Amino acid sequence: TSSAMARRPRAFRPHLLIARRLRAPGECFPGHPRTPGDRAQPHRVAPIYSTSYSALQSGSGVVPEMNARIRVSTTMLDRVRQHLLPPGSRLEHGAFLFCSYGLTEQTMTFECVEVMAMQPADYLEQATDYLELRDDTRARLIKRAHDSGLAIVETHSHPGPYPAALSDADLEGLATFVPHVRWRLKNRPYAALVFARSGFDGLAWIGNDSPATQISRIETESSHLPAT
């Protein structure tokens, strides 16, 4: 998850992607145990909105009756996974899916039409447990979604032999960021995925001021991949 110096959080900042919580002394996050040389960092309290960090953490902020899924071609999905989890890399990586979307009964479907994989030049900083995008990268991504009428599905990786799961810090950052980006994009649905080598985890925001719903699966033309 994230490491930061007091001057500035080293994470995807709250204008785009996940702005993750700073570590407290002696604390480690699920999936990312402390390693020698890790700095202890102060807490940063996230603002609370309808789906607060504490609600997401407890599960009370997830809507069980609503379902969300991602539809993507096998070629696109392979490209995303290969980009996020390249062999031998310990760095986190990010990519964006731009998706059409539709709600049928109780299922929101994100249909991927474009993948934008982040390159080294797109990051202000990139490390094993944090990412920060450049300001012009964030502006370009939001403009692309705005001009195309598509929804954003953000993705990032948790490298290492850990189960795929949005961390506490991921959830806190989403509680800060999601209302902002949905306001910028006229309340379009938004989704966030994290990939590990073992699978994926994800949440989606669909209605006006509604809590998050679990992304149950990723569908390709040949397979259905359930969330782990």
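Index from 1, following the sequence. Remember, it's a predicted structure, so these values are computed and weren't measured experimentally.
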Heavy-atom check, side chain of [X] versus side chain of [Y], under 4.5 Å:
X    : Y    : value
M118 : Q126 : no
T155 : V194 : no
F96  : R144 : no
L225 : L77  : yes
L97  : I152 : no
M66  : L103 : yes

Q: Verify whether the ring centers belonging to H83 and H93 lie closer than 6.0 Å.
A: yes
Q.
Test: ring-ring contact (aromatic ring centres under 6.0 Å, His included). Region: residues 207-228. Which pairs qualify, not counting sequence neighbours?
A. none
Q | S198 versus A164, closest heavy-atom pair with distance | A | OG-N, 3.2 Å
Q. Should S216 and R69 be marked as a side-chain hydrogen bond (donor to acceptor under 3.5 Å, both in side chains) after you check the CA-CA gap, both sets of side-chain angles, and the distance that decides it?
A. CA-CA 6 Å; S216 62; R69 62 184 175 180; over 6 Å; no
Q: Please work out whether the ring planes of H156 and H158 are parallel, tilted or perpendicular, with thresholds of 30° and 60°.
A: perpendicular
Could you tell me whether the side chains of [X] and [Y] share a donor-acceptor contact shorter than 3.5 Å?
X    : Y    : value
Q214 : D201 : yes
T220 : S223 : yes
D170 : S167 : yes

